[in-house]
Amino acid sequence: MIMKLASFDIFDTVLIRRCGKPDQIFSLMAKHLYPGDVARQDEFIKWRISRNVEGLDKNYVLDDVYATSDIKSFPEYTAEALIRMELKIEAEQLTRNNCAVSVLDEYRRKGYKIAFISDMYLYRDFIQRVLVRERIFKEKDRVYVSSEIGCRKDDGSLFDYVREELHPDEWIHCGDNEYSDCKIPEKKGIKIHRLFLPYTDMEKSMDKLSVMLSDAYDLSLLAGMERTVRSEFLDTSASRIAVDFLSAAYIPYVRYLLADARKRGLKRLYFLSRDSYILEKIASWLPHDGITLKYLFVSRASLILPYLYRANREQFNLIFVNEWLYIDQLLGCLKLSRQLLCELGITFDFVKVTTKKQRQEFLDAVFRPDIYAIWQKAAGVQYNLCTGYFDQEGLFDACPCALVDVGWLGTTRLMINTIREMVKPGIVQCYSYYWSVRPDVIPGEFGHYNIYIHDIKVSPELTFFVEDYFSLCPYPTTEGYKRTGVCYEPVLKKDVDMAAITVRVSYNEKILKAFISLIMNFHIPEQIFYTWTVFSIESLQNFRLKDVDYSPFENICADQIPLVKKLSVSELRKILKGKWVSRIDRASLLLSYGYRMGNFFWNRSERRTQK
């Protein structure tokens with residue numbers, strides 16, 4: 001019977017470290033050894049790294065690392081204690097790489113004998129226990145480690161040793177290292193299958209940036225965690241977007257607002273639909289003892305009539321912003337129509353309000369007493385239903401609370417606090433948390449607010465990424481409220497197919513939850529989290545990363561316009577002439593033509609050259 005052997009490298013192939021690079025083990029050790037003493041931490045890290053490259057035999061073991069007089073520099077600890085700590089931290093950080101293990105399982109199903117081969121100073125028994133724990137090693141598998149055998153992969157002697165012991169008729173070796181896992185075994189007549197889980201451009205950039213920061217290892221640590229979570233989800237394009245950008249954008253924000261809410265003594269947080277759906281999920285996975293999390297079904301469409309109940313022109317003008325300038329849209333919000341106004345002798349010769357004169361003409365029409373009475377009747381009905389829902393959700397009680405939203409203009413904050421004041425005059429305004437805001441954000445007189453992203457200007461492209469993808473929600477828009485028995489319920493927009501979106505939301509939730517579970521095992525300064533967010537979103541909005549695959553943004557539409565799409569030749573021509581084809585045309589170009597040609601076309605488009 002033919003003996004088929006599939007051998008696998010261990011470290012950075014079937015096993016990866018949650019913390020990323022091997023040096024991170026020494027950083028974590030240093031923090032355990034000398035908590036709060038940065039100078040001593042740096043001293044230990046430099047010493048431990050140097051012991052891996054200086055003065056040791058190529059086949060050294062962990063005992064040899066600490067068998068030196070230099071260890072007297074750390075008199076608080078014995079060599080045995082340091083070895084135990086290093087092994088403990090290694091065991092905590094090592095986890096299976098699902099991308100490689102899925103390949104291993106396929107070879108196992110094909111009848112290959114499995115062997116694990118590594119140039120490593122850690123003990124074979126220790127490595128095998130980790131492989132067993134991670135459900136990789138099985139009873140008849142073999143483990144070969146250079147430190148025990150005295151042979152190495154990088155000079156070919158370990159492959160010779162395995163061949164003499166197992167006598168394979170057919171042999172394939174799988175690993176990540178281009179030299180010791182590819183060139184060397186190939187020279188030995190062994191077939192190779194490279195299994196490489198690279199760091200993304202985003203993660204590599206974070207690692208480079210980390211050396212310029214005082215907490216150098218922490219940003220690099222986050223890059224390692226990003227890679228670990230990607231491996232758990234088989235390193236798909238969607239997992240890369242969720243890990244490198246969505247997680248970086250939202251996890252630090254929610255951590256921050258929960259911490260700030262505790263300082264302010266807030267007991268309840270209302271996450272506003274729909275953008276804050278994923279934020280509420282993140283908060284639920286983070287420690288939030290003493291703070292009640294509630295998801296509030298609201299939208300501008302559901303709040304505008306209750307807000308305008310008994311309103312005057314000034315109150316109307318406060319929410320009369322660009323998004324509400326289309327006549328048909330405005331009339332629809334007021335439960336009016338062009339036909340009804342025409343029957344009452346009013347017509348408009350414009351589709352969209354673009355001048356002060358047109359604005360005045362529209363306001364004169366809707367505030368004409370007979371027309372005002374019509375939409376005020378509808379506003380009264382919606383006011384009673386909305387305030388019933390708010391009362392049910394506790395928005396009128398004395399509990400210190402805040403609203404949580406992605407942000408931009410703040411019209412929802414304005415409308416909610418106005419409605420609360422109408423019901424309970426003198427009630428304390430709800431505080432608000434925003435991820436980011438526009439320069440013309442509604443002022444704090446309608447409720448004070450806290451902004452997380454305050455160092456950069458958010459581009460329109462990033463706004464689309466955030467609103468239309470990061471903040472995907474499995475619920476349709478809230479259009480109003482209804483009373484069912486003694487309960488109030490939101491009325492959601494009908495005839496909306498949410499199936500595809502629900503699948504994507506569920507996938508993103510799983511990745512975010514996995515990332516949070518990983519982060520909880522580390523202490524990372526808040527400033528590093530903020531740096532992570534800013535660096536990530538700036539990289540995304542400036543399109544500076546060459547390896548980003550924008551395909552996960554395909555088939556996501558807002559107002560029937562695709563977020564990103566593969567372009568036809570005719571659509572390319574339209575973009576070159578300055579016309580819009582998708583919400584993020586530059587990403588569509590990069591998706592369709594690659595980084596170099598996509599940017600070439602973008603820089604020659606009329607929209608770009610006119611800037």
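Heavy atoms only: backbone and side chains are in, while hydrogens, waters and symmetry mates are out.
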- Could you tell me whether the side chains of Y507 and T236 share a donor-acceptor contact shorter than 3.5 Å? yes

* Asked: Is the shortest side-chain N to carboxylate O distance from R227 to D12 below 4.0 Å?
  -> yes

### Task
Go through the steps to decide whether L269 and L258 satisfy the test side chain to side chain contact (heavy atoms under 4.5 Å, CB included), and finish with yes or no.
CA-CA 9 Å; L269 295 176; L258 287 173; 3.8 Å; yes

Exercise. Are E467 and D275 close enough that some pair of their side-chain heavy atoms sits under 4.5 Å apart?
Worked result: yes

task: Decide side chain to side chain contact (heavy atoms under 4.5 Å, CB included) for I537 and I453; before the verdict, give the C-alpha distance in whole Å, the side-chain angles of both, and the deciding distance to 0.1 Å.
output: CA-CA 10 Å; I537 62 177; I453 301 296; 4.0 Å; yes

In this structure, CD1 of I25 is separated from CD1 of I45 (nearest 0.5 Å) by 12.0 Å

Subject >> Aromatic plane relationship, Y256 with Y452 - under 30° parallel, 30 to 60° tilted, over 60° perpendicular >> reply: tilted

Discussion item. Angle between ring planes, F529 versus W532, binned at 30° and 60°: parallel, tilted or perpendicular?
Written reply: tilted

Polar side-chain atom of S231 near backbone of C99 as donor-acceptor pair, under 3.5 Å:
no

**Prompt:** Looking at R109 and D105, does any basic side-chain N land under 4.0 Å from a carboxylate oxygen?
**Reply:** no

(request) Carefully, step by step, assess I16 and L197 under the rule side chain to side chain contact (heavy atoms under 4.5 Å, CB included). (result) CA-CA 9 Å; I16 57 176; L197 180 64; 4.1 Å; yes

If you measure only the distance, is there a donor-acceptor pair under 3.5 Å linking the side chains of N555 and R504?
-> no

- Query: Less than 4.5 Å apart, any side-chain heavy atom of D405 and any of W435?
  - Reply: no

For Y217 and Q24, the nearest pair of non-hydrogen atoms, with its separation, is O-NE2, 2.8 Å

Item to complete: Using a strict 4.0 Å threshold on nitrogen-to-oxygen distance, state whether K579 and D585 make a salt bridge.
Response: no

Taking every heavy atom of V505 against every heavy atom of P474, the minimum-distance pair comes out as CG1-CD, 4.0 Å

Value for CG (L257) from CG (L279), rounded to nearest 0.5 Å, stands at 7.5 Å

Just checking, any donor-acceptor pair under 3.5 angstrom between side chains of T13 and D176?
yes

(message) Does R194 qualify as a cation-pi partner of F8, given the criterion of NZ or CZ under 6.0 Å from the six-membered ring centre and within 45 degrees of its axis?
(response) no

Per ring pair (Phe, Tyr, Trp, His ring centres under 6.0 Å), Y469 is matched among F245, F553, F464, Y250 by F553

Heavy-atom closest pair (R274 atom, M498 atom, distance to 0.1 Å) is NH1-CE, 4.2 Å

Q. Do the rings of F137 and F116 sit parallel, tilted or perpendicular, given the 30° and 60° boundaries?
A. tilted

TODO: Just do the side-chain hydrogen bond (donor to acceptor under 3.5 Å, both in side chains) check on Y449 and R413 with the steps written out, would you?
DONE: CA-CA 9 Å; Y449 55 88; R413 164 174 53 95; 5.3 Å; no

With no hydrogens and no angle check, is any side-chain donor or acceptor of S102 less than 3.5 Å from a backbone partner on N98?
yes

| request: Taking the side chain as every heavy atom from C-beta outward, state whether I511 and V229 have any atom pair closer than 4.5 Å. | output: yes

Do I456 and V534 have side-chain heavy atoms sitting under 4.5 Å apart?
yes

* **Side-chain heavy atoms of L15 within contact of V130, under 4.5 Å** => yes

Nearest heavy-atom approach of P185 to H173 is CG-CD2, 4.1 Å

### Query
Does a side-chain N-to-carboxylate-O contact under 4.0 Å join E203 and R230?
yes

One should read off an interatomic distance between S247 OG and I519 CD1, to the nearest 0.5 angstrom, of 7.0 Å

Is a side-chain N or O of S118 found less than 3.5 angstrom from the main chain of D9, in a donor-acceptor match? no

Practice prompt. Please determine if E571 and K566 form a salt bridge, counting it only when a charged side-chain N lies under 4.0 Å from a carboxylate O.
Written response: no

Next on the checklist: Quick check: do R17 and E90 have side-chain heavy atoms less than 4.5 Å from each other?
Outcome noted: yes

Main-chain N/O of A30 paired with H32 side-chain donor or acceptor, under 3.5 Å:
no

Note to self: Could you check whether any side-chain N or O of S506 sits under 3.5 Å from a backbone N or O of V503, counting only pairs where one atom can act as donor and the other as acceptor?
What the structure shows: no

Is it the case that more than 12 heavy atoms not belonging to R544 sit under 6.0 Å from its CZ atom?
yes

| field | Steps toward side chain to side chain contact (heavy atoms under 4.5 Å, CB included) verdict (F26, W47) | value | CA-CA 9 Å; F26 313 142; W47 174 83; over 6 Å; no

**OP:** Using a strict cut-off of less than 4.0 Å between a Lys/Arg side-chain nitrogen and an Asp/Glu carboxylate oxygen, indicate whether E186 and K183 qualify as a salt bridge.
**Re:** no

Mind checking whether F543 and F465 have parallel, tilted or perpendicular rings, split at 30° and 60°?
tilted

Please determine whether ring-ring contact (aromatic ring centres under 6.0 Å, His included) holds for the pair Y593 and F601, giving the CA-CA distance in whole Å, both sets of side-chain angles, and the decisive distance to 0.1 Å. CA-CA 9 Å; Y593 298 101; F601 288 132; 5.1 Å; yes

>> Testing the 3.5 Å rule here: is there a donor-acceptor pair between the side chains of S237 and D549?
In response: yes

*Do Y433 and D260 touch side chain to side chain, with heavy atoms closer than 4.5 Å?*
yes

- Message: Between R438 and D440, does any NZ, NE, NH1 or NH2 come within less than 4.0 Å of an OD or OE carboxylate oxygen?
- Response: yes

- request: Compute whether any side-chain donor of one residue and acceptor of the other, for R48 and N52, lie under 3.5 angstrom apart.
  value: yes

Taken to the nearest 0.5 Å, the spacing of D218 CG from T531 OG1 works out to 10.5 Å

Subject >> Enclosure of H454 NE2 (heavy-atom neighbours >12, cutoff 6.0 Å) >> reply: yes

Beyond-backbone contact of D42 with V38, side-chain heavy atoms, under 4.5 angstrom
yes

ask   = Does the side chain of T478 pick up a donor-acceptor pair with the side chain of S299 at under 3.5 Å?
value = no

For L591 and S551, the nearest pair of non-hydrogen atoms, with its separation, is CD1-N, 3.6 Å

Quick test of your reading of the model: are D235 and R240 salt-bridged, counting only N-O distances below 4.0 Å?
yes

- Charged N to carboxylate O under 4.0 angstrom, E509 versus K513? no

Rounded to the nearest 0.5 angstrom, the CG-CE distance for L222 and M225 is 4.0 Å

- Query: Does atom NZ of K191 have more than 12 heavy-atom neighbours, drawn from other residues, nucleotides or ligands, at distances under 6.0 Å?
  - Reply: no

Rounding to 0.5 Å, atoms CD (E280) and OH (Y295) come to a distance of 8.5 Å

Exam field: side chain T463 to backbone S459, donor-acceptor pair closer than 3.5 Å: yes

Under a 4.0 Å N-O cut-off, is there an ion pair linking D207 with K204? no

ask   = Taking 4.0 angstrom as the limit, do K153 and D119 come out as a salt bridge?
value = no

Between D468 and I556 the two heavy atoms that sit nearest each other are O-CG2, 3.2 Å

Answer yes if the side chains of Y530 and D455 hold a donor-acceptor pair under 3.5 Å, and no otherwise. yes

